[in-house]
Amino acid sequence: MMGRIREARSSRPEAECSGRLIVRHGPSAAVRQRSRRRREAAAAAGVAESKLACGRAHSPMLRASPYTYAVLDGLLREHFPFPRRILQVHALLLTSGALLPASPCAATAAFPYNCLAHAHLRVPAASTSTPPPAPLRLFSAMLARGARPNGHTFPSLLKSAAASCPAAATSLHAQCLRRGLVADRFVACSLVSAYARSGHPARDARKVFDEMGGPPDLASCNALLDALCLAGDLAAAESFFAQMAVRDVVSWTTLVSGLSRAGRHRCALEAFREFLLDHKGRLGEATLVTVLSACANIDGADGLSAGKAVHSYIVRHELNLTAFLGTALVDMYGKHGKLGCCNSAFEIVHKKESCTWNALLSALANHGKETEALAKFDMMTAQGFLPNQITFVALLTACGRAGLVEIGLYWFEVMVAEYKVTPLMVHYGCVVDLLGHAGRFVEAIQFIDRMPFTADASVWGALLGACKLYGNVELAEEIGLKLMVLGPQQSGRYVTIRNVYLEDGNWYAATRMGVAMQEAGIKKTVGQSSVVFHGSAIT
DNA sequence: ATAGGGTTAG
């Protein structure tokens, strides 16, 4: 406990003067005792009591006035970049009674709750841990204490819900309706965004947008644009974008990211270039990250050279390589197989995060540096970075490529048992790939049967690859039937199955597969070696 | 001397 207090003081000594302004003097014995009890309760809850606003011996009671509110807001703002201090200020507000009514007969103010909820948006999920995110818990608390949520309350709540509690979006919307707040443009804008980010169909977001009071403003338009992109309706998004009266960097970034997410990376890059034609200002992190991501996914020299151009922009303007930007850069070089650049970009990212490591690991795993990927994984965990689902995809891929079957199986077990990472379809695919490449077909099939959900085409495809490797025609045929049920669209798989037959010399079966494909509605005749789909060959 | 919304990496 002492250690924490000392750290808070020594790392930010100037903060000590902030709070004294907001305390009222003259504590009675009863008040002193109450305040001690509060401190103990806070301590028991594991929150460090900070000296920053406590004036220690005084009974801290907030007086509700515009002035104290301004101080409170300033106090929180000052601590925005430091998640733990936000928690400390929260603890302070709890112990000082700022979240309670100023007097027994007064109403509880919404203001401190609103500020606090907003501040908590800066706290990464890991620190807040428990499932309902802090802003939503604060909402319950304010309702319980009779504070009346207002138009300033909901934007933070909706943002938080969209990020980590999608199911809450509709209830919050109901709350806004009941309180007559849906005409507020901030609230409406947040609702549009929250619906889109909670996986609702675009029409829900659109409805809120249409029912917003007055003409829509730019932010709301951008929110709807994003909603259309997220719902996958790029045609609607593009036409909406075209008829927007005003567009800013956010509008363009939203469009570029939407196109890129839809797989139209070249279109995304073109849109960005169009944007550059008459944009004179500096580019921000979000825009650069989005463009780098598009560049990463454009195969060939075009993508790489555009990515390099973005990199040189970063260097020229001496932009700080944040985790976000750095990761995008590492990924861009990694996807293009430029492992040297990838590595040096990785090295200069100041505050690396797990995803930064992930980008590096994926690059190594996918470009023949499997052993190095395994070594970097060890470094990553040794330095205290928590591996996540993506990390293990890279790790298992590396094991698969290197033929390290036992090691791969080991890490799969560790992933589930030790890191509590819930395996996704891709992870199962990796393990099936591992087993398959070792020729352990029985185990692979047992493994698939034990999966908590039904295997999709990617998992069967992994096994199919192994069938091809080992000439296991019988199993290939079985898988062929399954794939036909799962997805008649997967023409590439059929071709692989056919090739298994062909290599086995089974021309009859190969022809039959061709017929089956035609029956499944695949425009592909036996005898071709590849199909062209949207300009790229699938074999 | 009172707060809030839209874009971003693996």
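None of the values given here were measured: they were computed from a predicted structure. Any value given below was found using the heavy atoms of this structure, including those in side chains, with hydrogens, waters and symmetry copies removed.
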Asks: If stacking means aromatic ring centre less than 5.5 angstrom from the base's six-membered ring centre, planes under 30°, is A:Phe186 stacked on B:dG4?
Replies: yes
Asks: With the threshold set at 4.0 Å, does a side-chain nitrogen-carboxylate oxygen contact exist between A:Asp302 and A:Arg266?
Replies: yes
Asks: Any side-chain N or O of A:Arg261 under 4.0 Å from OP1/OP2 of B:dT7?
Replies: no
Asks: What is the separation between atom OH on A:Tyr113 and atom C1' on B:dT2, rounded to the nearest whole Å?
Replies: 17 Å
Asks: Reckon A:Arg77 has a side-chain N or O less than 4.0 Å from the OP1 or OP2 of B:dG4?
Replies: yes
Asks: Whether the side chain of A:Ser220 and the base of B:dG5 hold a donor-acceptor pair under 3.5 Å is what I'd like checked.
Replies: yes
Asks: What nucleic acid atoms does A:Gln389 come within less than 4.0 Å of, heavy atoms only: base, sugar-phosphate, or nothing?
Replies: nothing
Asks: Cation over ring, A:Arg316 on A:Tyr313, under 6.0 Å and within 45°?
Replies: no
Asks: Sorted by first residue and then second, give each ring pair (Phe, Tyr, Trp, His ring centres under 6.0 Å) pair with at least one member in residues 245-271 of chain A; sequence neighbours left out.
Replies: A:Phe241-A:Trp252, A:Trp252-A:Phe275
Asks: Does OP1 or OP2 of B:dG4 have a side-chain N or O of A:Arg185 closer than 4.0 Å?
Replies: no
Asks: Strictly below 4.0 Å: does A:His118 bring a side-chain N or O up to OP1 or OP2 of B:dA3?
Replies: no
Asks: Which part of the nucleic acid does A:Arg247 contact within heavy-atom distance under 4.0 Å: base, sugar-phosphate only, or nothing?
Replies: nothing
Asks: Please work out which residues in residues 357-365 of chain A have a non-hydrogen atom less than 4.0 Å from an atom of DNA chain B and list them by number.
Replies: A:Asn358, A:Ser362
Asks: Is there a donor N/O on one and an acceptor N/O on the other, under 3.5 Å, for the side chain of A:Asp184 and the base of B:dG5?
Replies: no
Asks: If stacking means aromatic ring centre less than 5.5 angstrom from the base's six-membered ring centre, planes under 30°, is A:Phe324 stacked on B:dT8?
Replies: yes
Asks: Is it the case that the base of B:dG4 and the side chain of A:Asn150 share a donor-acceptor contact (distance under 3.5 Å, atom types as modelled)?
Replies: no
